[in-house]
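Heavy atoms only: backbone and side chains are in, while hydrogens, waters and symmetry mates are out. None of these values were measured; they are calculated from a predicted model.
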Amino acid sequence: MKKLIMIALLAFTAPAFAQSTATAKKEAIKIYNPQANARADIDAAVAKAKKEGKQVFVQVGGNWCGWCIAFHNMVDHTPELKTLLNYNYEVVLVNYSPENKNEAVLASLNYPQRFGFPVFLILDGNGKLLHTQNSAYLETGELDPKTGKKKTGHDVKVVSDFLKGWTVKALDPASYKETKAK
């Protein structure tokens, strides 16, 4: 009888516990803000970038997007990438979700959502769109040794090379002038 009561108790409480855990997990991911004013955020980042001699890195995605969260976590846990971004870019996260697709802002940036999510934009200190990057080209090719399937995530070296290639210095023609040997 005790076993039967215990089984019945587990049968009724386990789904509720699993559901509350899943809900808590979903609610914990709040990288993007659907209520944010994307135009104002981008304009503020452009003004600051111009003042500080940086570019603007815009990451478009949503809290629903596993790849967006994976990219954010990779940067957050990779000091080299974090430093590279912070030193060379003003970073803006633009939400794309059913609550707010930021359609007018994305239209003004040539519809980057056509590449899927996350999608990355590089703007200069005047707000000019310099580049739109499909993040699929930054993914890792690494295989999970247990499953043999491709791992979810982006390649740190490929992302680093991408970011280095769009810095103010990288786009400055003076960086490529030969110096005469004495």
Side-chain angles (χ1 to χ4, degrees), residues 25-26 28-46 48-49 54-145 147-171:
K25 215 175 203 182
K26 272 187 179 179
I29 301 170
K30 298 287 185 189
I31 295 170
Y32 295 88
N33 180 0
Q35 285 76 43
N37 181 334
R39 174 60 17 200
D41 290 349
I42 291 170
D43 290 347
V46 166
K48 190 171 180 187
K54 295 179 177 183
Q55 308 286 42
V56 178
F57 177 82
V58 180
Q59 179 180 331
V60 184
N63 295 323
W64 53 269
C65 171
W67 285 90
C68 302
I69 304 305
F71 182 83
H72 183 81
N73 289 338
M74 178 190 71
V75 169
D76 211 33
H77 294 97
T78 309
E80 173 195 349
L81 289 178
K82 205 173 194 176
T83 300
L84 185 58
L85 268 171
N86 291 336
Y87 184 76
N88 294 288
Y89 297 91
E90 288 302 315
V91 178
V92 180
L93 299 179
V94 173
N95 182 75
Y96 184 92
S97 68
E99 301 91 359
N100 185 356
K101 293 183 180 181
N102 281 300
E103 292 172 306
V105 171
L106 296 179
S108 74
L109 296 167
N110 297 328
Y111 305 96
Q113 67 270 37
R114 69 187 184 275
F115 294 112
F117 300 97
V119 62
F120 309 121
L121 310 171
I122 306 295
L123 310 179
D124 68 10
N126 295 313
K128 177 183 175 190
L129 176 63
L130 300 176
H131 182 69
T132 301
Q133 179 65 48
N134 179 339
S135 67
Y137 297 115
L138 305 176
E139 292 175 10
T140 182
E142 191 177 350
L143 299 178
D144 184 322
T147 65
K149 293 181 180 179
K150 187 175 153 189
K151 287 185 176 182
T152 299
H154 298 87
D155 185 293
V156 171
K157 182 180 179 343
V158 175
V159 171
S160 178
D161 289 346
F162 159 66
L163 292 172
K164 287 176 184 175
W166 289 98
T167 63
V168 169
K169 183 178 179 185
L171 297 179

Q: Counting C-beta onward and ignoring hydrogens, is there a side-chain heavy-atom pair between Asn63 and Ser97 closer than 4.5 Å?
A: no
Q: I'd like to check Trp67 versus Pro118 (side-chain heavy atoms, cut-off strictly below 4.5 Å). Are they in contact?
A: yes
Q: In chain order, what residues pass the ring pair (Phe, Tyr, Trp, His ring centres under 6.0 Å) check against Phe57, with sequence neighbours excluded?
A: Phe120
Q: Between Asp41 and Val94, does the side-chain contact (heavy atoms from CB on, under 4.5 Å) criterion hold? Intermediate values first, please.
A: CA-CA 8 Å; Asp41 290 349; Val94 173; over 6 Å; no
Q: Is there a side-chain contact between Trp166 and Gln55, using heavy atoms and a 4.5 Å cut-off?
A: no
Q: So do the side chains of Leu130 and Leu123 get within less than 4.5 Å of each other, counting heavy atoms only?
A: no
Q: Under the side-chain contact (heavy atoms from CB on, under 4.5 Å) rule, what do Gln133 and Leu138 come out as? Steps first, then yes or no, please.
A: CA-CA 9 Å; Gln133 179 65 48; Leu138 305 176; 3.9 Å; yes
Q: Measure the CG-OG1 distance between Leu143 and Thr140 for me, rounded to the nearest 0.5 Å.
A: 8.5 Å
Q: Output, in order, the C-alpha distance, side-chain angles, deciding distance and verdict of side-chain contact (heavy atoms from CB on, under 4.5 Å) for Ile31 and Leu93.
A: CA-CA 8 Å; Ile31 295 170; Leu93 299 179; 3.3 Å; yes
Q: Rounded to the nearest 0.5 Å, how far does CD of Glu142 lie from NZ of Lys151?
A: 3.5 Å
Q: For the NZ atom of Lys54 and the OG1 atom of Thr167, what is their distance to the nearest 0.5 Å?
A: 12.5 Å
Q: Within a strict 4.5 Å, meaning less than it, do heavy atoms of the Leu121 and Val60 side chains meet?
A: yes
Q: Might you work through the side-chain contact (heavy atoms from CB on, under 4.5 Å) test for Asn134 and Val119, ending with a clear yes or no?
A: CA-CA 5 Å; Asn134 179 339; Val119 62; 5.7 Å; no
Q: Any sub-3.5 Å donor-acceptor pair from Asn86's side-chain atoms to Lys82's backbone N or O?
A: yes
Q: State the CZ-OG distance between Phe162 and Ser135, to the nearest 0.5 angstrom.
A: 9.5 Å
Q: Using a cut-off of 6.0 Å, state whether more than 12 heavy atoms not belonging to Lys101 lie near its atom NZ.
A: no
Q: Rounded to the nearest 0.5 Å, what separates atom CG in Leu163 from atom OG1 in Thr83?
A: 12.0 Å
Q: Val92 and Ala45: which non-hydrogen atoms are nearest, and at how many Å?
A: CG2-CB, 3.3 Å
Q: Working to the nearest 0.5 angstrom, can you tell me the gap between Asn88 CG and Lys164 NZ?
A: 10.0 Å
Q: Are Leu81 and Met74 side-chain neighbours, meaning at least one heavy-atom pair lies under 4.5 Å?
A: yes
Q: Side-chain contact, heavy-atom cut-off 4.5 Å: Glu103 with Gln113?
A: no
Q: With no hydrogens and no angle check, is any side-chain donor or acceptor of Asn100 less than 3.5 Å from a backbone partner on Pro34?
A: yes
Q: Search all heavy atoms of Asn73 against all heavy atoms of His77 and return the closest pair with its distance.
A: O-ND1, 2.7 Å
Q: Kindly say whether Glu80 contributes a backbone atom to a donor-acceptor pair with the side chain of Thr78 at under 3.5 angstrom?
A: no
Q: Measure centre to centre between the rings of Phe117 and Trp64, then say whether the value is under 6.0 Å.
A: yes
Q: Of all the heavy-atom pairs spanning Val56 and Ala49, show the shortest one and how long it is.
A: CG2-CB, 3.7 Å
Q: Between Asn102 and Asn95, is there a side-chain heavy-atom distance shorter than 4.5 Å?
A: yes
Q: Would you confirm whether Asp155, through its side chain, and Lys157, through its main-chain N or O, come within 3.5 Å as a donor-acceptor pair?
A: yes
Q: Any donor-acceptor pair under 3.5 Å linking the side chain of His72 with the backbone of Cys68?
A: no
Q: Just by distance, do the side chain of Ser108 and the backbone of Val105 share a donor-acceptor pair under 3.5 Å?
A: yes
